[in-house]
Amino acid sequence: MSPSVRTRFAPSPTGYPHVGNMRSALFAWLFARHNGGVFIIRIEDTDVARKVEGAVEGILDGLRWLGLDWDEGPEAGGDYGPYFQSQRLELYQEAARRLVSQGDAYYCYCSPERLEEMRADQTRRKQPPGYDRHCRELSQEERSKKEKEGITPVVRFKTPLTGETRFHDIIWGDSVFKNSTLDDMVLLKSDGYPTYHLANIVDDHEMEITHVLRAEEWLSSTPRHVLLYDAMGYQPPEFAHLPMLLGPDRSKLGKRHGAVSITDYREQGYLPEAMMNFLALLGWSLDDRTELMSRQDLIDNFSLTRVSKTAAIFNPEKLEWMNGVYIRNLSPEDFLGRVLQALEEGLPSEVERPLSVDYVRQIAPLVQERVKTLVEVPLLTRFFFVDCLDYDVTLLIPKNMDAESTRRALEVSRQRLVELVSFDAEPLEGLLRPLAVELELKAGQLFGALRTAVTGQKAAPPLFETMVVLGRETCLARIEQALARLDSLE
RNA sequence: GGCGCAUUCGUCUAGCGGUUAGGACACCUCCCUCUCAAGGAGGAGAUCACCGGUUCGAAUCCGGUAUGCGCUACCA
């Protein structure tokens, strides 16, 4: 007996790691971890034509990034390998042969052209499309004739013509399908590769998968799978179909909806832990209020009974908010590490590398509560690193002021800053606030002019702290540059 | 066309016969404030797709309709 839960994520390496697939992986992983079970990765590379180079690596990277570790599968090994279906062809071919000899499957010699014609005809006559079972009852002579013609057949399942198939789904409950609505699906293609249906049930059985968690789009093919399990004499696993992920237009989430690859989110500066939390909430909830959950919280509380049946629209705005929360909750040291990397990647190439950790350490706390994604960090802090600021002169002139009054304010500020004994936040504030009064300006006006002069931006971290980090020399130089710009305006 | 499934604020959702239908994102207002954020306090937003039925009572149970989505490949 093996009471332990074994779940699997079985991606097909035909493209990038889609967030919808990653969500399925996450749920399977959470279910396994919650139950102290085993999480398996199996690569379903049975479609030679659609196979994409590097896709396996991309998917594995995505899983690793999210923190979904697997106990068996590529790189991890395991007792049920190999974990690539392309390395298990013998198994499927044997299963197909067995089904044929049992009378549960048959060889089909129909050409793609004939099938296409047949379907076209069916749609024209508004008939339900499906294989017409042309080869189901071929005689021995007819078969050998086709073989002599050199046609390699496919193996099709001999779906029962009558009766019904029922199965239970943990999330959707009981379903009944009439067998008459199912056609004879292909099990083994003419290239010797299995179709999803065959490979899937053979492997789920061989790998002793106890719970199949997969997207809702598979719900309609589950009766076929149940029929296959029966024909093979296998005990079917438990099924749990997950609600689909939709784009804002309510259609299946895809490329046209923007970022759909998990790697896009990594590149856009999202934290994997935020991504995991967000994805977990798409189709699952703990209660009526808990939203922020750590990886351990999720493992502890995940349950299939609280998975919803309705498709969810992927809402990037909420993800962004959640990412901001996670960034703010990072320890200063943790945030620093991520900032360092974001800066290395996002700062202009003329900035000297490697960056000074001590310098970045002073900057990080200034932006931690101001960014929602890591890619915003270099955008918001580039003035700390570049030599030459590039900005529109008019940004220097605060509201209700003109070039001349701005000039005067900056000039006086410059002089006082030169004389300031200690160039720290407190003294700076102690100097500049009264200076605003003296110049008959609002604090916001003076600070605004200085902010632009020193950072080149209208929105920036708090002024005094920023000036301290930049240092007196740089601040004075930048104020002088600002004055020069104002001069050139006239 | 056939089969299947779903339907609570714009979005994610709570709800499992009796609630002023709750929370979150986004939005709006105010407070805080040197900008931007963050934070605090409020606000608006759902006749629970629609129509019938069951019931003293329905978002919750049962029919039907509509809409949407999925499957209907030698793709997964």
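Each chain gets a letter, A, B and so on, in the order its sequence line appears, and its residues count up from 1. Since the structure is predicted, the reported quantities are computational estimates derived from the model, not experimental observations.
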From the candidates B:rC36, B:rC74, B:rC34, the one with an atom nearest any side-chain atom of A:R370 is B:rC36
Taken to the nearest whole Å, CG/A:L253 to P/B:rC12 is 12 Å
Are A:D203 and A:R88 close enough for a salt bridge, meaning some N to O gap below 4.0 Å? yes
request  = State whether the side chain of A:R472 and the backbone N or O of A:L417 hold a donor-acceptor pair below 3.5 Å, judged by distance alone.
outcome  = yes
Work out how far the P atom of B:rA66 is from that of B:rC56, and round it to whole angstrom. 32 Å
By nearest-nucleotide position on RNA chain B, the 5'-leaning member of A:A311 and A:W321 is A:A311
>> Regarding A:R124 and A:E117, does a basic nitrogen lie under 4.0 Å from an acidic carboxylate oxygen?
In response: no
| task | Look at A:K51 and B:rC75 and indicate whether a side-chain polar atom (N or O) is within less than 4.0 Å of OP1 or OP2. | result | no
| task | Could you measure between the two P atoms, the one in B:rC16 and the one in B:rA21, and give it in whole Å? | result | 14 Å
Winner on side-chain proximity to A:R289, out of B:rG70, B:rA26, B:rG22, is B:rG22
**Asked** So what does A:V154 touch, heavy atoms closer than 4.0 Å: a base, only the sugar-phosphate, or nothing?
**Response** base
Of B:rC5, B:rG2, B:rA76, the nucleotide closest to the side chain of A:P128 is B:rG2
Ranking B:rC12, B:rC3, B:rA37 by distance to the side chain of A:E369, first place goes to B:rA37
note: A:E465, atom CD; B:rU33, atom C1'; distance rounded to Å ~ 13 Å
* Does the B:rC69 base have a donor-acceptor partner in the side chain of A:R250 within less than 3.5 Å? -> no
- Query: Can any side-chain N or O of A:H205 pair as donor or acceptor with the backbone N or O of A:V202 at less than 3.5 Å?
  - Reply: no
Check your understanding: Phosphate oxygens OP1/OP2 of B:rC71: is one of them under 4.0 Å from a side-chain N or O of A:K252?
Key -> yes
So A:T310, base contact, sugar-phosphate only, or nothing? Heavy-atom distance under 4.0 Å. sugar-phosphate
Residue-phosphate contact under 4.0 Å: A:K189 side-chain N/O, B:rA76 OP1/OP2: yes
Atom CG of A:L245 and atom P of B:rU11 are separated, to the nearest Å, by 15 Å
Looking at B:rU13, I'd like to know if its phosphate oxygens (OP1 or OP2) sit under 4.0 Å from a side-chain N or O belonging to A:K318. no
When rounded to whole Å, the CZ to C1' distance for the pair A:R125 and B:rU72 reads 17 Å
By the 4.0 Å heavy-atom rule, please label A:C110 as base, sugar-phosphate, or nothing. base
Exercise. Report which part of the nucleic acid A:K309 touches: base, sugar-phosphate, or nothing (heavy-atom distance under 4.0 Å, all strands).
Key: sugar-phosphate
Base, sugar-phosphate alone, or nothing: which one does A:S285 contact when heavy atoms must sit under 4.0 Å apart?
sugar-phosphate
Review point. Which is true for A:L282 with a 4.0 Å heavy-atom rule: it touches a base, it touches only sugar-phosphate, or it touches nothing?
Key: sugar-phosphate
Which of B:rG23, B:rG10, B:rC69 is nearest the side chain of A:N315? It is B:rG10
Taking a pair to mean Watson-Crick or G-U wobble geometry with both distances below 3.5 Å, B:rA49 pairs with B:rU65
A:L330 atom CG is separated from B:rA38 atom C1', nearest whole Å, by 15 Å
Problem - Under-3.5 Å donor-acceptor pair between A:S190 side chain and B:rC74 base - result: yes
A:L319 CG to B:rC12 P, in whole Å, measures 14 Å
Taking B:rU11, B:rU13, B:rC75 as options, the one with an atom nearest any side-chain atom of A:R50 is B:rC75
Whole-Å distance, A:Q122 CD to B:rA73 P, equals 8 Å
Mate of B:rC32 across any strand shown (Watson-Crick or G-U wobble, both atom pairs under 3.5 Å) is none
Any strand, both distances under 3.5 Å, Watson-Crick or G-U wobble: B:rU11 pairs with B:rA24
inquiry  = I'd like to know whether A:F177 forms a side-chain contact (heavy atoms from CB on, under 4.5 Å) with A:F167, so could you lay out the CA-CA distance, the side-chain angles of the two residues, the decisive distance to 0.1 Å, and finally the verdict.
reply    = CA-CA 9 Å; A:F177 282 77; A:F167 63 90; 3.6 Å; yes
Paired to B:rU55 by Watson-Crick or G-U wobble criteria (both distances under 3.5 Å) is none
### Message
Any side-chain N or O of A:R328 below 4.0 angstrom from OP1/OP2 of B:rG39?
### Response
yes
Among the nucleotides B:rA73, B:rU35, B:rC75, whichever has the atom closest to the side chain of A:P129 is B:rA73
Picking from B:rA24, B:rG1, B:rU35, the nucleotide nearest the side-chain atoms of A:A459 would be B:rU35
Against the side chain of A:R156, the closest entry in B:rC69, B:rA76, B:rC74 is B:rC74
Q. Quick one: is B:rA76 close enough that its OP1 or OP2 comes under 4.0 Å of any side-chain N or O from A:T46?
A. yes
Worksheet item: A:W218 near the nucleic acid: base, sugar-phosphate alone, or nothing, with a heavy-atom cut-off under 4.0 Å?
Response: base
With the side chain defined as heavy atoms from C-beta on, A:R306 is closest, among B:rU13, B:rA14, B:rA76, to B:rA14
For B:rU60, the nucleotide meeting Watson-Crick or G-U wobble distances (both under 3.5 Å) is none
Note to self: Categorize A:Y193 for me: base, sugar-phosphate, or nothing, with a 4.0 angstrom heavy-atom threshold over every strand shown.
What the structure shows: nothing
When rounded to whole Å, the CE to C1' distance for the pair A:M118 and B:rG2 reads 14 Å
What do you reckon, are the aromatic ring centroids of A:H225 and A:Y196 less than 6.0 Å apart? yes
Does A:F464 have A:R433 sitting over its ring (NZ/CZ under 6.0 Å from centre, angle to axis within 45°)? no
